[in-house]
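Computation of the quantities below employed the complete heavy-atom set of this structure, encompassing side-chain atoms and omitting hydrogens, waters and symmetry-equivalent molecules.
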Amino acid sequence: MKITVTGSLGNISKPLVEKLIAAGHEVKVISSKADRKGQIEALGAEALIGSVEDLAFLTDAFRDADVVYTMVPPNFGASEYRKYIAGVGENYARAIKAAGVKKVLSLSSMGAHLDAGTGPIAGMHDVEQILNKLDGVTVKHLRPGFFYVNFYHNIDMIKHAGILGANYGADSTMILVHPEDIAEVAFQAITGPFEKSSVEYVVSSEHTLGEVTAALGAAIGKPDLHWVEFTDAQNYEGMAQAGMPEEIARVYTEMGTAVRSGILWEDFKVNGSVTGKVKLEDFAKEFGKVYNS
C-alpha cells in the first residue's frame, strides 16, 4: 500500500514508519524540518518537507495514498491553541477531499468526546468532528491516554524540587499509554481491515498518580519521592515561570482540571479497555535510564 504519515519522526510516527517499511509498504513522511530528510530516507521512506498549514503542500502529499495517518503537531506559539488545532484539522479534511483519499487514521486523544473543559484536547474534539463530515471517507480515530513519556518533562522538577506535581492529586487516576503501543495499534489499523469509521482507545495501563510516583521514585533511587497537588493558580504560574506562553499554560492547566474531575476518562470507562503491552514497571525502567543519563 501507499501510505502518507504526518508527524515527522516523532514518538509514534517513527516506530510506525519502521513497521510499515518492514512490512513492504510504500511510505511518505511529512516533516516541517528539512534536517529530518536524511533520517527519513535512511528508514526507507520518502521525505516530504513542508507545513501541515500549507493546503497545497498537503494535497500533493496525500495524492495517490491508500491511507493517510494524521496527527496535529504541537505549536506552542499559537495565540489560540484550540483554533490552531482545528485549523490543521480543516486543512487535513480539505487536502483529503482534494486528493481523493478514502481511508484516514487520525491520532486523537482520550477526552475528545467532550467539546469543552479539556484544554488542548477540545481541539481534537473539533478535528474528529471535521473529519467525520467527509463524504465517502472511512476515518478511524485513535484515542490514546496520557503518554508515559510526558513524565520526562518533570525530570527538572524532581531534580530541583524533589517532587512530582500538578493541579490534580495523588489519588487521581491516570490512563497511561506508551508511544510504542500506539504505533503498534496504528500499524494494525492501517494494514488490517479498514471498512468503517470508528473510535479505538489505546491504553497501556491505569494507575493513580501516587502509584506512578512510587514506581518512578523507586526506579531513580528516590523511594521518598512524593506527589504534590498544586492549585490551578500555582500550576499556571509555575508553567509561565518556566517559560511557557500564557495560552499554553492556560489550556494545560484546564486539562489538569479535567484530570482532577475524571471527565477525561468517562467515555473510555464505558467503551474502552487496556490493550497495550508496556506496563508502568516497564516504563519506570526507561525513566530511570533517562533520568540518570
Side-chain angles (χ1 to χ4, degrees), residues 1-33 36 39-41 43-55 57-74 85 88-110 112 123-124 126-128 130-132 134 136-144 147 177-202 275-276:
M1 289 193 298
K2 296 179 179 180
I3 302 151
T4 299
V5 174
T6 63
S8 190
L9 295 180
N11 289 323
I12 301 167
S13 296
K14 183 179 179 180
L16 172 59
V17 169
E18 290 172 335
K19 293 173 187 290
L20 291 169
I21 293 293
H25 298 289
E26 184 178 326
V27 182
K28 297 179 180 180
V29 179
I30 292 175
S31 177
S32 63
K33 300 179 179 179
R36 292 290 177 92
Q39 298 172 56
I40 292 168
E41 292 174 344
L43 295 179
E46 179 181 349
L48 304 176
I49 307 302
S51 171
V52 296
E53 297 182 80
D54 183 338
L55 180 57
F57 165 75
L58 277 183
T59 302
D60 286 341
F62 290 173
R63 190 165 283 117
D64 298 326
D66 296 302
V67 184
V68 167
Y69 166 79
T70 64
M71 61 84 66
V72 178
I85 293 171
V88 174
E90 287 282 5
N91 269 4
Y92 282 153
R94 291 170 183 166
I96 288 163
K97 182 178 180 180
V101 176
K102 297 301 180 185
K103 295 183 178 181
V104 177
L105 183 68
S106 165
L107 181 69
S108 185
S109 174
M110 191 86 68
M124 297 313 305
D126 297 339
V127 173
E128 286 195 13
I130 290 164
L131 295 179
N132 287 344
L134 287 166
V137 180
T138 302
V139 182
K140 174 174 280 192
H141 302 288
L142 297 185
R143 290 181 182 171
F147 289 15
V177 69
H178 197 284
E180 287 284 351
D181 282 336
I182 303 172
E184 178 60 26
V185 171
F187 171 75
Q188 295 297 335
I190 289 171
T191 59
F194 207 133
E195 299 172 352
K196 64 179 181 178
S197 296
S198 60
V199 168
E200 182 173 355
Y201 284 100
V202 191
T275 57

Distance col, row Thr191:OG1 vs Leu20:CG, nearest 0.5 angstrom, shows 7.0 Å
Validation row: Ile12, Tyr69 side chains within 4.5 angstrom (heavy atoms):
yes
Sorted by chain and residue number, the salt bridge (Lys or Arg N to Asp or Glu O under 4.0 Å) partners of Arg36 (sequence neighbours excluded) come out as none
Inset, instruction - Could you tell me whether the side chain of Val101 reaches within less than 4.5 Å of the side chain of Leu134, counting heavy atoms only? - result: no
Exercise. Are Ile190 and His25 side-chain neighbours, meaning at least one heavy-atom pair lies under 4.5 Å?
Worked result: no
Using a 4.5 Å cut-off on heavy atoms from C-beta on, say whether the side chain of Val127 contacts that of Thr70.
no
Contacts satisfying salt bridge (charged side-chain N to carboxylate O under 4.0 Å, His left out) that involve residues 91-104 (not counting sequence neighbours) are none
Q) So do the side chains of Val185 and Asp181 get within less than 4.5 Å of each other, counting heavy atoms only? A) no
Evaluate the side-chain proximity of Lys14 to Leu43: yes if any heavy-atom separation is below 4.5 Å, no if none is.
-> yes
dist Lys2:NZ -> Arg63:CZ (nearest 0.5 Å) comes out at 12.5 Å
**Asked** Heavy atoms, side chains only, cut-off 4.5 Å: are Asp126 and Ile85 in contact?
**Response** no
TODO: Taking the side chain as every heavy atom from C-beta outward, state whether Val52 and Ser32 have any pair of such atoms under 4.5 Å apart.
DONE: no
Those residues at least two apart in sequence (or on a different chain) that pass side chain to side chain contact (heavy atoms under 4.5 Å, CB included) with Phe57 are Ile30, Leu48, Asp54
